[in-house]
> 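I have a structure here, written as structure tokens, and I will follow up with some questions on it.
Bear in mind that the values here come from a model prediction, so they are computed numbers and not experimental data. We name chains A, B, ... by the order of the sequence lines, and we start the count at 1 in each one.
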Amino acid sequence: MTALSTGPETSDRDRAPRPVRPLQLTWLVARREIRLRAKTRVFVITTAILLIAVALAVALPAILSGKSKPARIGVVGGTNATISGIVTEAGRLSGGQAVAVPQPSLAAAETALRDGDLSAVLVPDKEIIVKQVPLGGVTGSVSTLSQLAGLAKLVQTVPGAADAVAHGVTLPVRGLQAPSTSLSSRLTGLFTVVIVWVLISVYGSQIALGIGEEKSSRVVEVLLSSVRPVQLLIGKVLGIGLLALAQAAAMLVVFIIAGFASGSSLVHGATLGVVIAGGAFIVLGYAFYCTAFAAAGSLVSRQSDVNSTIMPVQLPLILAYALSYTVIYANGANTFYRVLGFLPPTSPIAMPVLYAAGDVPVWQVVVSALLCAAGTVWMARIAVRIYSNSILRTGPRISFRQAIKEIRKA
Amino acid sequence: MELEIDGLRRRYGTVTALDGLTFAVPAGQVFGFLGPNGAGKTTAMRAIFGVTALDAGEIRWRGKPVDEAARRTFGYMPEERGLYPAMELFDQVEYFARLHGMDGSAAAKAARHWIDRLGLSGRGQTRIDTLSHGNQQRAQLAVALVHDPELLVLDEPFSGLDPGGIDDMSAILAERAAAGVTVLFSSHQLDLVEGLCEAVAIIHQGRLVVAGPVADLRRGDRPRLAVRVADDRTSAWAAGLSPSTGTVESVRADGTAEISLTTAADSQKILDLARAAGSVEHFAYEDMSLSEVFRHATGASVGQAEAEHAAAARTAGVPTGAGR
């Protein structure tokens, strides 16, 4: 304060504070959280990494399975319905796609094969040529093609057999039970659960750390001279929540764009329902947990203690998350996991999984969501009281048991 | 009176922080709120802002109990300074202006004004935790001043400042008071601040000891005379002093006797007595220091009071603000 003048009064009275609406204060707090966090390099980088991860997770399986790029099989000596039928069937049986490409001559076909334009060349009734026979023999569509073409050669003596080959040679498979949800839907469920888990844990710890920072730096004392504790808490979780929601929405957009662009089966049919249910439970899960994380953050007096106070808050999430893998890769969830699907602390993770695996109908998802919403109100009331009671307390870390005992007394 | 502190009581477990504290602060003055560490100053100031609960008592601003709207016109600099470490200076000051109800442009203007005014020009985009300790103090003051508060409450604003910093802080407080602001600051260094405020309230163990204009308190009800006679290191000359004239309170190392007079008229008798004993080197009325005022009123020195408080707090296991 060396460059100080005690000159005439410079402040004018029209600067005097005007009445403030409570929501305006809450929004000011939220805005600070958004501005400060969105500006940081960590946020920008993690968002970019998350979006790239989502795009790869969606597009890679589709690209790798080769669905978007059928194998080109050269056919020498002209094609007919039978030959192209054999090629198409061979592609389908081997789990991919194959098209017959007529070749003017064997020499031209071999050139195209060497250049990589063709995957293989079929000389009907004679041979199949590949660029190089792999160690251990051919596999996949070429192997299937050689079997089918050989079969076609065998059945040419039987009238009408060739047509049968052209129209598909497999027998239908009938299951005694209704088919389980497709793997792609389950994988979407898994994907959703990972996002719910990551968003709630990451942003939840940010809430707790932010509150720990306010408490340990004592800035909270200055804040609470003009803001009520509940306004400060709601503003904080709202600001961080909007950031989380924006990130989740960006991931969803990337998911849909990458899904359609790569022709991924993840974005079709029931799977989209899983994404929508997942989105709803991201919001519900965040709403349920944000105040609990805030209460946990208010118990510490040093920021480094935050990790231990948020552990009990995270436990139900960890439980539901760890068990979700058993549901994704199994036919039918066990009763225990179904119960988790309806308990507010675990339902944000468990219910999208159950729904994705086809284990629950839509109405049960709605019931679970309503229960979670009610649980959110209950949790918020307790958490706000713990927070208000603890945020101005100095001294050693307060345990949850102690905090709950105190608000019961009050 | 602008601010009235009326009968505040607060207990923490077995420790009584405030025990019926009552005093009032007039407008347009720099008012010192003094007492040893642990006397209850911080608790009382936090109570003004509603950040500590009271067991009893009331705080009134312009005759009405303090509410949220009133608090929004107050500025607060807490004892344990607190700002967001990772936030930039300008953003931080502007944020607090807005929390006190200023709109966007007024808040930005006021933030710039106070940043420049407190010698932090060019630091607006600097993170708080990279500012020097002294500049963090200025940032804290900017946050307290940015919304042009009508009541300014500062908890130990002079603690940790160098002499230049003390002068600057005191100039700002005086200037705010001259602008009509009610300024209340606390300090446990009674003598350091006696020249910096017009009136004080001195408290001890959660109760008011004395309050009033500094000049009146230091003069006391019995004027004090300091007399030194050459080559008389023990003030032997004063043995002939009659108790009806005055009594020797203490003798300083240089032989100066501190005599409290029964009436001012008797000073000439004392001068005669001293001159009879030798050459009088020093003869003057002296005011008490504020820590002497405290000792007179409580029977304990500020240091003793702080030591007692620290010992009591250790026994009770209650964290105290007396950590400095």
> Just to verify, what does A:K236 make a side chain to side chain donor-acceptor pair (under 3.5 Å) with, not counting sequence neighbours?
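For A:K236 the side chain to side chain donor-acceptor pair (under 3.5 Å) partners, ignoring immediate neighbours, are A:E33, A:E214.
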
> Based on non-hydrogen pairs under 4.5 Å, which of B:F96, B:Y84, B:Y76 is most in contact with chain A?
B:Y84

> Flag the one option from A:I391, A:T40, A:V29 with the top tally of heavy-atom pairs under 4.5 Å to chain B.
A:V29

> Using non-hydrogen atoms and a 4.5 Å limit, figure out which bit of A:L392 sits close to chain B: side chain, backbone, both or neither.
both

> What residue pairs, at least two apart or across chains, pass ring-ring contact (aromatic ring centres under 6.0 Å, His included) with a residue in residues 224-253 of chain A?
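Counting only pairs at least two positions apart or across chains, no ring-ring contact (aromatic ring centres under 6.0 Å, His included) contact touches residues 224-253 of chain A.
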
> Let's test your reading of the structure: which of A:R218, A:R35, A:R31, A:Q231 forms the most heavy-atom pairs below 4.5 Å with chain B?
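So the answer, after comparing A:R218, A:R35, A:R31, A:Q231, is A:R218.
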
> Side chains of A:I386 and A:L299: does their closest heavy-atom pair fall under 4.5 Å?
yes

> Where does A:V227 contact chain B at under 4.5 Å (heavy atoms): side chain, backbone, both or neither?
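Side chain of A:V227 only, per the 4.5 Å heavy-atom cut-off to chain B.
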
> Could you have a look at A:R228, A:E221, A:K39 and say which one has the most heavy-atom pairs with chain B under 4.5 angstrom?
A:E221

> Please work out whether the ring planes of B:F74 and B:F49 are parallel, tilted or perpendicular, with thresholds of 30° and 60°.
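Correct class here is perpendicular.
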
> Between A:F293 and A:Y203, is the ring centroid distance below 6.0 Å?
no

